[in-house]
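Okay, so here's the structure we're looking at.
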Amino acid sequence: MLNVDEQLHLIKRNTAEVIPEDELARKIKRKGSLIIKFGVDPTTPDIHLGHSVILLKLRTLQDLGHKVVLLIGDFTARVGDPTGRVKARKPLTVKQIRENAKTYREQAFKILDPSKTRIDYNSRWLGKMNFSQVLKLTSRYTVARMLERDDFSLRYRENIPIGLHEFLYPLMQAYDSVALRADVEIGGTDQKFNLLLGRYIQKSYRQSPQVIITMPILEGLDGKEKMSKSLGNYIGVTEPPSEMYGKIMSIPDELIFRYFRLLTLLPESEIERLEKSFKEGKLHPKKAKKMLAFELVRFYYSEEEAKYQDERFERVFSKKEVPPELVSYPVNTDKIWVVELLRLTGLARSGSEARRLIQQGGVKWDGERIREIDRIIFLRGEHILQVGKKKFLKVVKR
RNA sequence: GGGGAGGUGCCAGAGUGGCCAAAUGGGGCGGGCUGUAAACCCGUUGGCAUUGCCUACGAUGGUUCGAAUCCAUCCCUCCCCA
């Protein structure tokens, strides 16, 4: 095992904050193996690269011999984390929560080491608390301090409703740290308030307070907003390799090395070397992006798959060839109206949208641009239907 | 409990009786340029349909030749006072 300083160096890399740093060193020296808490909200089951930033850090911690507790917030999910929220969340059913948690677990193990991960559910203790225990917990904190949070104060100022139960969320998840006797809690920078509250509550329950590690929030593919499913600017860890590769190729240049650092486990020295030649103009941005895309597909799939995607990308987008493997769509007639076909295949959501796409020159049939709305298409064998630059479909007569 | 403000398209936000499928901006989508980058430019953005029609401005009724716009009731939110 590495010594404490070496460990700290690896742990601190790419973090936003470690609070307080010296305490982390002391804890490692004293206990050796620490309990790392990571709270998971089972409301959004699909893990994307934004989440992977933290999971990769956890992976590093596991590799250093620490124990990760993946805490599924099945009970807190009934309230919903108000963090960054402009509206109150709608509560989920118990069944949905359970399914989401299962999906989350499966996906998280694409990154985490299952043998060094313990999974727990906070309903185990929160579900048993009675009202007097709740009163004890809530009396530890004040409304004024709760309102210090940006999200709450913003909503308060903007006259947007705040449910009383939303005040309970931070306290509940803080109590989780007490229940787990967490040494360290990790989360995104947007969780800083919650994590700090965990520290505070642990102290008031006479526990040694956890060290908190916050990780930067990853920008999405647009380079502006944070990566999130609802904004559609994300790459899911279960996405097919071609999607993963392609989406990486569409990120803005400014993001390339940030992604390298936060999304891969490549050594810092290697990344610095690449960044240097990029800045000197020796490494073309497209090349750098391809390396990034390659690395991510390699990590989530395999080296072989990554190589394949590398070639495929060149063929399809640089040389404008049709992708080698396409989703087939069987059709039963031998002639069909274009608009109908587009709607049938789902490449257009409605007839009106289909018309629009045609009028704007976004539809190709076997490589030929279709301009007439009333065009009738004749089918024999296999044909390629293309909408926009990225959407292809193999239409098969049968 | 009393008084006041407000609920418009994916979002923000105009519109206070016909010219409103609803200005403008953002986002999305399509095209151009390119490195499937950014920036930029052009177009488009409820649905169905070859004129046109249907559904839409919190909900339900009503006034009117005609309502997002007026009236009534209800639901929801916020502010001030208690």
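Model, not experiment: these values are computed from the prediction. So you know, we letter chains A, B, ... as the sequences are listed, proteins then strands, and number each from 1.
At the heavy-atom level, A/Pro285 lies under 4.0 Å from base atoms of the strands shown. Note on A/Lys289: a base of the nucleic acid sits closer than 4.0 angstrom, heavy atoms only. Note on A/Gly361: only backbone sugar-phosphate atoms sit closer than 4.0 angstrom, heavy atoms only; bases stay farther off.
Between B/C29 and B/U36, the two C1' atoms lie 15 Å apart (nearest whole Å). Comparing the same atom, C1', in B/C53 and in B/A37 gives a spacing of 45 Å after rounding to whole Å. Comparing the C1' positions of B/A23 and B/A68 gives an interatomic distance of 14 Å, to the nearest angstrom. Here the separation of B/A22 from B/G15, taken at their C1' atoms, is 8 Å to the nearest Å. The separation of B/G30 from B/C65, taken at their C1' atoms, amounts to 42 Å, rounded to a whole angstrom. When the P atom is compared between B/U63 and B/C81, the two are found 42 Å apart, to the nearest whole Å. Annotation: B/A67 and B/U45 have their C1' atoms spaced 26 Å apart (nearest Å). Only the C1' atoms considered, B/U50 is 29 Å distant from B/G66, to the nearest whole Å.
Nearest-nucleotide mapping onto RNA chain B: of A/Ile251 and A/Val387, the residue sitting toward the 5' end is A/Val387. Nucleotides of RNA chain B nearest to A/Met249 and A/Gly388 differ in position, and the one nearer the 5' end is that of A/Gly388.
Pair assignment for B/C40 gives B/G32, based on Watson-Crick or G-U wobble hydrogen-bonding distances that are each under 3.5 Å. Remark: B/G6 base-pairs with B/C76. Criterion, Watson-Crick or G-U wobble with two distances under 3.5 Å. Within the shown strands, nothing qualifies as a pairing partner of B/A22 under the Watson-Crick or G-U definition with both distances less than 3.5 Å. Base-pair partner of B/G1: B/C81 (Watson-Crick or G-U wobble, both distances under 3.5 Å). Taking a pair to require two hydrogen-bonding distances under 3.5 Å in either a Watson-Crick or a G-U wobble arrangement, B/G52 pairs with B/C48. With both pairing distances under 3.5 Å, B/A67 is matched to nothing as a Watson-Crick or G-U wobble pair.
Geometrically, A/Lys279 does not engage A/Phe257 in a cation-pi contact defined by less than 6.0 Å to the ring centre and at most 45° from the axis.
Atom NZ in A/Lys389 sits roughly 12 Å away from atom C1' in B/G35 (whole-Å rounding). Nucleotide B/G31 holds its P atom 14 Å from the CD1 atom of A/Ile370, rounded to whole Å. Separating the CZ atom of A/Phe257 from the P atom of B/A38 is a distance of 18 Å, rounded to the nearest angstrom. Straight-line distance from the CZ atom of A/Phe152 to the P atom of B/C78: 14 Å, rounded to whole Å. Between A/Lys391 atom NZ and B/G31 atom C1' the separation is 14 Å, expressed in whole Å. Rounded to whole Å, the distance from OH on A/Tyr234 to P on B/G28 is 15 Å. Atom NZ in A/Lys290 sits roughly 9 Å away from atom P in B/U36 (whole-Å rounding). One can place OH of A/Tyr245 at 14 Å from C1' of B/A37, the figure rounded to the nearest angstrom.
By the ring pair (Phe, Tyr, Trp, His ring centres under 6.0 Å) test, A/Trp337 is found to be paired with no residue, residues two or more places apart in sequence or in another chain being considered.
Not less than 6.0 angstrom separates the ring centroid of A/Phe167 from the ring centroid of A/Tyr141. For A/Phe294 and A/Tyr245, the gap between ring centers reaches or exceeds 6.0 Å. Note: A/Phe75 and A/Tyr121 fail the aromatic proximity criterion, with ring centroids not under 6.0 Å apart.
In A/Glu304, the CD atom is not crowded: 12 or fewer heavy atoms of neighbouring residues, nucleotides or ligands sit closer than 6.0 Å.
Closest to the side chain of A/Pro252, from the set B/C29, B/A38, B/G32, is B/A38. When each of B/G31, B/C29, B/G35 is scored by its nearest atom to the side-chain atoms of A/Leu357, the top-ranked nucleotide is B/C29.
The shortest distance between side-chain heavy atoms of A/Met291 and A/Leu283 falls below 4.5 Å.
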* **nucleotides 42-54 of chain B: protein proximity per nucleotide (B base, S sugar-phosphate only, - neither; heavy atom, under 4.0 Å)** => -BSS-SBBS----

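In this structure, the side chain of A/Thr333 does not engage the main chain of A/Ile336 through any donor-acceptor pair within 3.5 Å.
Sequence neighbours left out, the pairs with a member in residues 124-137 of chain A that pass side-chain hydrogen bond (donor to acceptor under 3.5 Å, both in side chains) are A/Asp120-A/Arg124, A/Trp125-A/Asp176, A/Asn130-A/Ser132.
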